**Q** 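One structure, as structure tokens, below. Some questions next.
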Amino acid sequence: MKKSNLRRAQLTFLLLASLVLASVYFLPAADNSSSLPAPPVAKKEPKVTEINGRKLVDNYFWLRDKKNPEVAAYLEAENAYTDAVMKPTEPLQKKLYDEMLGRIKETDVEVPYKDGEYFYYVRTEAGKQYGIRCRKKGSMDAPEEVVLDVNELAKGQKFMSLGAFDVSDDGNLLAYTTDNTGFRQYALAVKDLLTGKNLVDHAERVDSIAWANDNKTLFYTIEDETSKRGYRMYRHALGTNGNDTLVYEEKDERFDIGTGKTRSKAYIFLFSGSHTTTEVRYIPANQPMAEWKVLEPRKQDVEYYPDHNGDFFYIRVNDTGRNFRLVKAPVADPGKKNWQEVLPNRADVMLEDTDYFKNYYVLYERGKGLPQMRVCNLRTSECKRIEFPEPAYVSYAYANREFDTAKFRYGYQSFITPQSVFEYDMAAGGSTLLKQKEVPGGYDRTRYEVERVFATASDGVKVPITVLHLKGTKRDGKGPMYLTGYGSYGYPYDIGFDSDLFSMVDRGVIAAVAHIRGGGEMGKAWHDDGRMMHKKNTFTDFIACAEYLVAQGYGSKDRLTIEGRSAGGLLMGAVLNMRPDLFHAALVGVPFVDVMNTMLDETVPLTVPEFEEWGNPKEKPAFDYMLTYSPYDNIEAKAYPNMLVRTSFNDSQVMYWEPAKYVAKMRALRTDHNIMILKTNMNPAGHGGASGRYDRLHETAFDYAYFLTQMGINN
């Protein structure tokens with residue numbers, strides 16, 4: 001606590017000093033408003049990189065020096081300018097915060113799940129930032145036992161994130177990991193649930209954990225301190241601190257490792273995977289000292305993911321097609337020569353995952369851009385689809401810890417259906433609603449309409465768009481509109497419930513999600529068409545979606561606000577360069593915008609594994625292509641829309657300097673007088689911003705105040 005107070009004092013001093021020493025840190029720009037201070041302008045210190053016959057000039061490379069007090073001073077000055085620009089919106093921010101909070105049931109209990117002798121659940125209490133993890137033995141009528149109160153862990157901390165949470169099979173020990181900086185480096189602790197005390201066991205930079213069946217051996221993986229990839233697995237004996245046994249080290253820098261135990265509790269897996277290739281090792285969970293065996297040696301561009309049931313491993317694998325097939329192999333000799341096909345690869349249906357129980361298994365599939373579930377009987381091979389009623393939604397497995405059960409729990413939600421937990425009877429068929437989150441404040445789903453429409457991309461491909469608006473909203477081409485997207489890593493942007501969103505929709509805003517290529521909405525081919533040397537399809541798809549919505553009268557481009565975060569921030573940077581005339585304002589969140597400099601620097605966390613998503617710019621064809629879209633490298637002297645750029649000083653996924661440099665260069669080159677503001681969370685915070693639920697809500701209210709005022713809505 002003392003160190004954090006000292007750091008804040010240093011930053012406050014530096015900000016005050018910066019006002020006096022502006023010529024050292026940054027130069028004042030011309031004021032574009034009599035009521036606003038001049039925006040900061042970062043100094044230029046050119047750094048030249050010569051590669052592939054080109055010279056890349058980076059005038060703001062110095063902003064990477066996190067320990068340099070000038071860097072903090074510049075970011076604090078940007079924050080001060082942002083606060084000045086946004087000060088007139090403070091009453092709206094307060095109003096938005098209050099109404100968003102009014103849609104949250106602050107004291108609530110999640111649906112309990114059974115694991116061994118206990119029923120586990122998470123509950124929240126009004127006024128507390130974090131969930132409280134509890135359990136009851138035997139039934140929900142038993143006395144409550146608090147397993148872990150994250151609010152207690154967060155005392156004296158500005159940030160607290162719970163990572164792994166794994167109770168030993170006998171129910172007596174909890175292994176868990178926490179991060180108190182936002183840098184996603186988690187520390188391992190073990191709590192004795194009989195005494196409530198933490199044991200001496202400790203490890204740093206822990207990614208994943210798995211208990212052996214003896215309840216005293218713990219396997220864990222750690223990440224490399226520089227690259228942040230999981231690269232080593234250790235075996236740990238309970239009650240010790242240090243001298244853990246190194247089980248495996250992954251040498252290939254493209255690969256990341258993780259561990260986990262099967263629901264059957266029969267095997268522990270060690271997964272090693274890149275963006276395109278996997279390899280899995282295994283041991284019996286009741287033999288922690290056993291030698292780890294490779295299920296099938298890695299082969300470039302082949303991904304496989306095993307599960308276990310009885311005498312077989314069931315393996316989801318893409319060796320015969322991009323959308324994966326399902327095979328089984330005897331646990332005694334599970335190599336490829338013994339694989340028996342259970343379900344073939346299908347061109348129109350992606351097999352995303354599987355879940356195995358004693359007598360049943362669940363197939364998680366994706367067809368026509370939507371997630372689907374089928375429940376199958378292992379003995380009869382009969383499969384039944386769980387039907388979902390809406391045109392756009394997200395469905396997913398809930399907590400299913402029991403192996404010998406005929407009950408399967410899943411979650412379901414949509415733009416207008418709050419988070420819901422169902423229990424499906426795998427023997428008889430049919431779903432029962434266990435709980436739907438209450439939305440206080442008079443929420444009425446019948447007031448809204450959801451549409452699924454399609455834009456035509458520049459190459460003729462149909463791109464899905466999901467639209468939400470008030471019923472009866474006129475499509476006269478004059479209204480406010482909000483559009484977001486992602487489009488990377490094969491991650492689908494499925495439609496969930498966000499009660500905050502109604503603070504825009506209830507004010508007449510039409511909200512839309514563009515399901516662009518590079519994501520996984522339409523299977524692996526959809527991802528392939530928006531990665532590597534096809535990446536620009538992601539950007540042109542988004543532009544096509546925006547043009548379609550404007551042309552169809554959903555809203556005016558003069559009131560069109562867009563948002564993207566992380567790789568979606570790359571999307572924002574690219575489309576703002578390509579079509580600045582099409583958008584009125586943008587939120588560019590924790591954005592991966594400095595593509596060339598980052599991907600050329602293998603010391604930056606996560607860079608090498610990303611070569612299989614973006615390309616390796618040390619190779620000239622990839623360099624030439626990536627340079628055509630890299631947002632930072634393509635900023636020009638022209639007019640740009642209004643922009644709010646967000647980052648965290650401690651972000652480990654996209655370093656703070658990418659958005660900081662982006663804003664600095666944008667300020668230097670853009671020819672307009674539109675708003676350009678940078679908001680950096682200087683407190684411990686991560687890629688997703690603040691960790692506490694009330695803190696996050698304040699950040700959301702700030703963002704929404706920006707969106708609404710940019711659309712001409714001021715109350």
Side-chain angles (χ1 to χ4, degrees), residues 110-121 135-142 147 165-175 193 209-215 217 219 259-269 282-288 305-316 326-332 334 342-343 353-364 373-386 395-411 421-435:
E110 300 295 336
V111 175
Y113 62 89
K114 191 172 186 296
D115 189 359
E117 294 184 298
Y118 293 89
F119 289 88
Y120 292 83
Y121 56 95
R135 70 180 183 180
K136 294 184 178 183
K137 189 172 184 178
S139 79
M140 286 302 292
D141 296 325
V147 178
F165 180 93
D166 196 359
V167 178
S168 59
D169 290 346
D170 61 9
N172 294 334
L173 299 162
L174 168 68
L193 297 179
I209 57 179
W211 284 104
N213 290 350
D214 63 4
N215 301 302
T217 304
F219 292 94
T259 189
K261 185 160 66 174
T262 61
R263 184 180 286 108
S264 67
K265 300 187 186 300
Y267 290 92
I268 297 173
F269 289 135
Y282 64 98
I283 60 169
N286 59 1
Q287 299 176 33
Y305 304 92
D307 203 337
H308 170 256
N309 180 283
D311 294 330
F312 293 94
F313 288 131
Y314 287 81
I315 306 162
R316 185 174 68 93
L326 181 64
V327 302
K328 69 177 184 179
V331 296
V342 176
L343 183 67
D353 206 352
T354 62
D355 254 337
Y356 276 81
F357 300 88
K358 185 176 181 179
N359 298 312
Y360 305 92
Y361 63 98
V362 181
L363 301 172
Y364 303 93
M373 291 179 183
R374 282 195 294 153
V375 178
C376 303
N377 187 311
L378 267 167
R379 294 174 181 172
T380 66
S381 298
E382 179 187 8
C383 296
K384 297 178 182 178
R385 173 169 292 173
I386 299 176
S395 60
Y396 44 90
Y398 191 64
N400 293 284
R401 301 298 174 83
E402 297 293 290
F403 182 63
D404 188 1
T405 181
K407 307 295 185 182
F408 165 67
R409 290 181 174 182
Y410 65 91
V421 177
F422 289 86
E423 185 170 81
Y424 183 83
D425 189 324
M426 294 190 284
S431 297
T432 301
L433 177 64
L434 301 181
K435 178 171 181 172

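Remember, it's a predicted structure, so these values are computed and weren't measured experimentally. Atom set for the values below is all heavy atoms of this structure, side chains included, hydrogens, waters and symmetry mates excluded.
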**Q** I'd like to check the salt bridge (charged side-chain N to carboxylate O under 4.0 Å, His left out) partners of Arg263; sequence neighbours left out, ordered by chain and number.
**A**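 Arg263: salt bridge (charged side-chain N to carboxylate O under 4.0 Å, His left out) contacts with Asp355.
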**Q** Any side-chain heavy atom of Arg135 sitting closer than 4.5 Å to one from Val167?
**A**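 A side-chain contact under 4.5 Å exists here.
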**Q** Counting C-beta onward and ignoring hydrogens, is there a side-chain heavy-atom pair between Val331 and Tyr267 closer than 4.5 Å?
**A**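 Side-chain contact under 4.5 Å: yes.
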**Q** Within this structure, what is the OH-CG distance for the pair Tyr314 and Asn309, rounded to the nearest 0.5 Å?
**A**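 Between Tyr314 OH and Asn309 CG, I get 5.5 Å after rounding to 0.5 Å.
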**Q** Using the side chain to side chain contact (heavy atoms under 4.5 Å, CB included) rule, pick out the option among Asp425, Val362, Leu363 that qualifies with Val375.
**A**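 Only one option passes, and that is Val362.
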**Q** If every non-hydrogen atom of Leu434 is compared with every non-hydrogen atom of Glu423, which pair is closest and at what distance?
**A**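 Here Leu434 and Glu423 meet closest at CD1-CB, 3.9 Å.
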**Q** Give a yes or no answer on whether the side chain of Thr259 reaches the backbone of Ile209 with a donor-acceptor pair at less than 3.5 Å.
**A**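 Not a single qualifying donor-acceptor pair exists.
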**Q** Just by distance, no angles: are the side chains of Tyr305 and Arg316 close enough, under 3.5 Å, to form a donor-acceptor pair?
**A**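 No donor-acceptor contact under 3.5 Å links the two side chains.
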**Q** List the atom of Ala212, the atom of Ile268, and the distance in Å for their closest heavy-atom pair.
**A**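 Reported closest heavy-atom pair: CA-CD1, 3.9 Å.
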**Q** Could you tell me whether Lys328 sits above the aromatic face of Phe312, with NZ or CZ closer than 6.0 angstrom to the six-membered ring centre and within 45 degrees of the axis?
**A**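 Yes, cation above the ring, under 6.0 Å and within 45°.
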**Q** Minimum heavy-atom separation for Val147 to Tyr120, with atom names?
**A**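 Here Val147 and Tyr120 meet closest at CG2-CE2, 4.4 Å.
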**Q** Side-chain contact, heavy-atom cut-off 4.5 Å: Phe357 with Thr405?
**A**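 Yes, their side chains come closer than 4.5 Å.
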**Q** Would you call the rings of Phe269 and Tyr282 parallel, tilted or perpendicular if under 30° counts as parallel and over 60° as perpendicular?
**A**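 The rings of Phe269 and Tyr282 stand perpendicular, inter-plane angle above 60°.
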**Q** Below 4.5 Å, heavy atoms only, C-beta onward: do Asp166 and Leu174 meet side chain to side chain?
**A**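 Side chain of Asp166 against side chain of Leu174, heavy atoms only: no contact under 4.5 Å found.
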**Q** Taking side-chain hydrogen bond (donor to acceptor under 3.5 Å, both in side chains) as the definition, give me every residue that meets it alongside Thr262, ordered by chain and number, with sequence neighbours left out.
**A**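 Thr262: side-chain hydrogen bond (donor to acceptor under 3.5 Å, both in side chains) contacts with Ser264.
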**Q** In the structure I gave you, are the side-chain heavy atoms of Tyr364 and Thr354 within less than 4.5 Å of one another anywhere?
**A**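 Contact flag for Tyr364/Thr354 side chains = no.
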**Q** Between OH of Tyr360 and SG of Cys376, what distance do you get to the nearest 0.5 Å?
**A**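 If I round to the nearest 0.5 Å, the distance is 11.5 Å.
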**Q** Got a sec, which residues hit side-chain hydrogen bond (donor to acceptor under 3.5 Å, both in side chains) with Glu402, two or more places apart in sequence or on another chain?
**A**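 For Glu402, no residue satisfies side-chain hydrogen bond (donor to acceptor under 3.5 Å, both in side chains) once neighbours in sequence are set aside.
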**Q** With sequence neighbours left out, write down each residue that passes salt bridge (charged side-chain N to carboxylate O under 4.0 Å, His left out) with Lys261, or none if nothing qualifies.
**A**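 Lys261 satisfies salt bridge (charged side-chain N to carboxylate O under 4.0 Å, His left out) with Asp169 once adjacent residues are dropped.
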**Q** Is there side-chain contact between Tyr113 and Arg401, with at least one heavy-atom pair below 4.5 Å?
**A**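 Tyr113 vs Arg401: side chains touch.
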**Q** Look only at the side chain of Lys384 and the backbone of Ile386, and say whether a donor-acceptor pair between them is shorter than 3.5 Å.
**A**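 Checked: no pair found.
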**Q** What distance do Leu326 atom CG and Ile315 atom CD1 have between them, rounded to the nearest 0.5 Å?
**A**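 Result: 9.0 Å between the selected atoms.
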**Q** Quick one: pull up OG in Ser139 and CD in Glu117 and give me the separation to the nearest 0.5 Å.
**A**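 That separation rounds to 12.5 Å.
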**Q** With the side chain counted from C-beta on, respond yes when Asp214 and Pro288 share a heavy-atom pair under 4.5 Å apart, and no when they do not.
**A**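 They are in side-chain contact.
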**Q** Would you please name every residue forming a side-chain hydrogen bond (donor to acceptor under 3.5 Å, both in side chains) with Thr432, sequence neighbours left out?
**A**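 Not a single residue meets the side-chain hydrogen bond (donor to acceptor under 3.5 Å, both in side chains) criterion with Thr432.
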**Q** Does Lys358 offer a backbone N or O that forms a donor-acceptor pair with the side chain of Asp404 under 3.5 Å?
**A**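 Not confirmed, Asp404 side chain does not pair with Lys358 backbone.
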**Q** Judged by atom type as modelled, is there a donor-acceptor pair below 3.5 Å linking the side chain of Asn172 to the main-chain atoms of Leu193?
**A**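 Judged by distance alone, no pair lies under 3.5 Å.
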**Q** Treating Tyr398 as the side-chain partner and Val111 as the backbone partner, does any N or O pair qualify as donor plus acceptor under 3.5 Å?
**A**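 It does hold such a pair.
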**Q** Which atoms form the tightest heavy-atom contact between Ser431 and Tyr424, and what is the distance?
**A**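 Taking every non-hydrogen atom into account, OG-CD1, 3.3 Å.
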**Q** Can you list everything that forms a ring-ring contact (aromatic ring centres under 6.0 Å, His included) with Tyr361? Sequence neighbours excluded, please.
**A**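 Here the qualifying residues are Tyr356.
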**Q** Taking the side chain as everything from C-beta on, heavy atoms only, tell me whether Phe219 gets closer than 4.5 Å to Trp211.
**A**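 They are not in side-chain contact.
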**Q** Looking at every non-hydrogen atom in both residues, tell me the closest pair between Tyr396 and Met373 and how far apart they are.
**A**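 Here Tyr396 and Met373 meet closest at N-CE, 3.3 Å.
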**Q** Is the backbone N or O of Pro330 less than 3.5 Å from a side-chain atom of Asp311, with the two atoms forming a donor-acceptor pair by type?
**A**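 No.
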**Q** Kindly give the heavy-atom pair with the smallest separation between His308 and Ala266, and that separation in Å.
**A**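 That closest heavy-atom pairing would be CE1-CB, 3.6 Å.
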